[in-house]
Colleague: 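So that we are looking at the same thing, I have put the structure below in structure tokens.
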Amino acid sequence: MQDKEIVQKWLNGLSKEQLARQYKRQYNQEIKIIRSSVRNRHSGRLITNKEALRKIEQVVYQYLKGGIL
């Protein structure tokens, strides 16, 4: 999920927690796809709820400061 997409969903009314759940689900699915090949089976790391929420809050904070869009 790109930063602009996160900001748009937040402005449309989703809470930070809902966004973090979506971000975590999408990120972890991408990592699982990467890990599915034998060559990359140890690549990447799955993220937790707190890590996803931290990412969302950083993006929203940057937007409020005027750094995104």
Side-chain angles (χ1 to χ4, degrees):
M1 201 181 303
Q2 300 293 324
D3 292 351
K4 290 182 181 181
E5 186 180 349
I6 291 170
V7 170
Q8 287 300 322
K9 288 183 178 185
W10 181 68
L11 290 175
N12 287 334
L14 285 179
S15 70
K16 291 178 189 177
E17 290 78 18
Q18 291 170 328
L19 278 170
R21 266 187 253 121
Q22 287 181 3
Y23 179 80
K24 176 188 168 192
R25 187 178 319 120
Q26 183 177 351
Y27 182 88
N28 286 344
Q29 284 176 349
E30 291 173 9
I31 294 297
K32 287 176 185 177
I33 290 170
I34 292 170
R35 284 182 170 184
S36 66
S37 70
V38 174
R39 183 175 184 175
N40 296 317
R41 67 178 168 238
H42 299 296
S43 298
R45 182 178 156 289
L46 300 178
I47 62 173
T48 63
N49 290 330
K50 288 182 181 181
E51 291 169 328
L53 185 58
R54 184 184 68 198
K55 168 67 176 171
I56 299 299
E57 287 179 342
Q58 285 175 348
V59 170
V60 170
Y61 180 72
Q62 285 296 322
Y63 170 75
L64 292 176
K65 280 182 44 179
I68 299 176
L69 296 176

Colleague: Show me the donor-acceptor pairs within less than 3.5 Å that the side chains of residues 25-32 make with the rest of the protein, sequence neighbours left out.
Modeller:
| from | atom 1 | to | atom 2 | distance (Å) |
| --- | --- | --- | --- | --- |
| Asn28 | OD1 | Ile47 | N | 3.0 |
| Asn28 | ND2 | Ile47 | O | 3.4 |

Colleague: In Å, rounded to the nearest 0.5 Å, how long is the span from OH of Tyr23 to NZ of Lys16?
Modeller: 16.0 Å
Colleague: Nearest heavy-atom pair of Ala52 and Lys24: which atoms, and what distance?
Modeller: CB-CB, 3.9 Å
Colleague: State the CG-CD distance between Leu53 and Glu17, to the nearest 0.5 angstrom.
Modeller: 6.0 Å
Colleague: So how far is it from Asn40 CG to Ile33 CD1, rounded to the nearest 0.5 Å?
Modeller: 12.5 Å
Colleague: Applying salt bridge (Lys or Arg N to Asp or Glu O under 4.0 Å), run through Glu5 and Lys9 and close with a yes or a no.
Modeller: CA-CA 6 Å; Glu5 186 180 349; Lys9 288 183 178 185; 3.6 Å; yes
Colleague: What is the distance from atom NZ of Lys55 to atom CG of Leu19, rounded to the nearest 0.5 Å?
Modeller: 12.0 Å
Colleague: So how far is it from Ile6 CD1 to Leu11 CG, rounded to the nearest 0.5 Å?
Modeller: 12.0 Å
Colleague: Between Arg35 and Arg45, what is the shortest heavy-atom contact and its length?
Modeller: NH2-CA, 3.9 Å
Colleague: At what distance, to the nearest 0.5 angstrom, does CZ of Arg39 lie from CD1 of Ile34?
Modeller: 13.0 Å
